[in-house]
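Notes for the one structure printed next.
Computed over heavy atoms, backbone and side chain alike; hydrogens, waters and symmetry mates excluded.
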Number of protein chains: 2
Amino acid sequence: MSGNGSGKEIDRRVRRTREAIRKALVALIVERGYDAVTVTDVIARADVGRSTFYAHFTDKRDVLAANLEELAGFLRASSAAGPDRLFAFSLPMFEHIDEQRDLVRALLGRRGGGAVVPYIEQVLATIVREELLSRLPAGAAPSDLDLVVACVVGAFMALLARHADGEISTTPRQLDAAFHAVVAPGVQAILHQR
Amino acid sequence: MSGNGSGKEIDRRVRRTREAIRKALVALIVERGYDAVTVTDVIARADVGRSTFYAHFTDKRDVLAANLEELAGFLRASSAAGPDRLFAFSLPMFEHIDEQRDLVRALLGRRGGGAVVPYIEQVLATIVREELLSRLPAGAAPSDLDLVVACVVGAFMALLARHADGEISTTPRQLDAAFHAVVAPGVQAILHQR
DNA sequence: TTCATAACCGAACAAGCTGTTCGCTTATGA
DNA sequence: TCATAAGCGAACAGCTTGTTCGGTTATGAA
């Protein structure tokens, strides 16, 4: 918890412990689902003392913070990579999910217990919001912009969750196509309306 | 749990007990949020014996079944009422939410703990799916219909959640307008494509 | 009104989880 | 080499859940 400055080298023991806990939690979530995993399970699997766990993390939830930061970074990078296409983050994200199936499934699907979804939603909302603003004449933000953002993010997250749950066996391309087919026309209309 | 045939008269004590528990739970969720409410809290507030609770319900979650059934019925009725407009359930639902603010807020917002959302999503998905099918030539269901349904439901639920959380102070009409503006053009295009 | 019965009570229980404490041991990196 | 930060693990109080069971009371039918 002390100064986490990026320049500081971290004690190897700390690194090992944190990693062990993180991996243990993810593995257990994949196996049983978020809600069913207890701290006791995690420390047993990670082979770490109880007090050690609480010395590093406050919570089950807290352990996932690192993973989330990583995922959020990926989202931001994806959206910056293809600025010409509307909602360019979509396809890369679906592909990313497809690769890291187990982990993302554990975090975003129903088994994830919704502990993580709100965080991703917020990151996504920021991205979508800025993308829309950048395509509007400066200072011409419609009053209901946030509602549009919520719609878009909601649609995307719904596809994500379904895919993570494996309820729909589809390719990233199909998911991306469906997302754009449903959402893009409406958004384009809103953008060009003014 | 025994035969719940609609014709059977239910013992007054049973009715009273169930109602007391239901009301207690809802009130507590509104106050503290779903996750923070324990069964012990509920029976204390409802002034009901512990064993009595478990004689009627298996769970916190189980108690909400009745409320959910009611809400689902409302959704179905709304969609049947205006069959000429695309996604006619939208406006009535937003209005309904606006009225029963506290309850729905407790169940659908962040404080609801996501215990209820999946259920509503499924009811909604069925409605949307059938509405889309009814607007297509018989037997011409596109293979990615379920993806489209997921998108639409996701967008709607996102607006619902935001409104329930009070993060956006908007009128039902505005919500409905945004929902249709974003989603309708894309869906119309998909429908007329064939 | 009577009365068999279903519903309720509530105390007690086992089992489980959480988060903290504390004295002791060990790995680390300067 | 060695001071120190990290980890250990047992023990703990406090909370939760779900079940059991003998005794009490309201209910609705006769």
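For DNA chain D, the neighbouring residues in residues 21-45 of chain B, judged by any heavy atom under 4.0 Å, are B:T38, B:V39, B:T40.
Taking the six-membered ring where the residue is Trp, B:F179 and B:F87 present tilted rings, their angle falling between 30° and 60°. Note: A:F94 and A:H163 have perpendicular aromatic rings, judged against thresholds of 30 and 60 degrees for the angle between ring planes.
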Quiz item: After noting the C-alpha distance and the side-chain angles of A:I120 and A:V117, does the key distance pass the side chain to side chain contact (heavy atoms under 4.5 Å, CB included) rule?
Solution: CA-CA 5 Å; A:I120 307 265; A:V117 173; 5.9 Å; no
Exercise. Report the C-alpha separation of B:R16 and B:E19 in whole Å, then their side-chain angles, then the decisive distance to 0.1 Å, and conclude whether the salt bridge (Lys or Arg N to Asp or Glu O under 4.0 Å) test is met.
Key: CA-CA 5 Å; B:R16 281 170 51 90; B:E19 260 304 288; over 6 Å; no
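Not counting sequence neighbours, B:T126 has no partner by the side-chain hydrogen bond (donor to acceptor under 3.5 Å, both in side chains) test. Shown here are the salt bridge (Lys or Arg N to Asp or Glu O under 4.0 Å) partners of A:E69, two or more places apart in sequence or in another chain: A:R76.
Geometric assessment of B:R18 against the ring of B:F57 yields a positive cation-pi assignment under the 6.0 Å and 45° thresholds.
Using a 4.0 Å cut-off, no side-chain N or O of B:H56 falls inside it from OP1 or OP2 of C:dA7. When the side-chain nitrogen and oxygen atoms of A:Y54 are compared with OP1 and OP2 of C:dT20, none of them lie within a distance under 4.0 Å.
Summarising the geometry, atom CG belonging to B:L136 is positioned 7.0 Å from atom CG belonging to B:L145; distances are rounded to the nearest 0.5 Å.
A salt bridge does not link B:D146 with A:R162: every distance from a Lys NZ or Arg NE/NH1/NH2 to an Asp or Glu carboxylate oxygen is 4.0 Å or more.
Other residues, nucleotides and ligands contribute only 12 or fewer heavy atoms inside 6.0 Å of the CZ atom of B:R173. More than 12 heavy atoms of other residues, nucleotides or ligands shown are found within 6.0 angstrom of CZ on A:R45. By the 6.0 Å contact criterion, CD on B:E31 is enclosed, its count of non-hydrogen atoms from other residues, nucleotides or ligands being greater than 12. For A:Q122, the CD atom counts as loosely surrounded, since its 6.0 Å shell holds 12 or fewer non-hydrogen atoms of other residues, nucleotides or ligands.
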Could you pull out the protein-nucleic contacts involving nucleotides 28-30 of chain D (nitrogen or oxygen on both sides, under 3.5 Å)?
| unit_1 | atom_1 | unit_2 | atom_2 | d |
| --- | --- | --- | --- | --- |
| D:dG28 | OP1 | B:R12 | N | 3.3 |

At a cut-off of 3.5 Å, list every protein nitrogen or oxygen paired with a nitrogen or oxygen from nucleotides 21-25 of chain C, distance to 0.1 Å.
none

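Comparing B:R16 and A:G49 against DNA chain D, the residue whose closest nucleotide sits nearer the 5' end is A:G49.
Rounded to whole angstrom, the span from the CZ atom of A:R61 across to the P atom of C:dG19 amounts to 13 Å. At whole-Å resolution of the value, NZ in A:K60 and C1' in C:dG19 are 15 Å apart. B:D62 has its CG atom 11 Å from the P atom of D:dG18, to the nearest Å.
Summary of helix geometry: the two end axes of the helix from C:dT1-D:dA30 to C:dA30-D:dT1, each defined by five base pairs via their C1' atoms, are inclined to each other by 30° (rounded to 10°).
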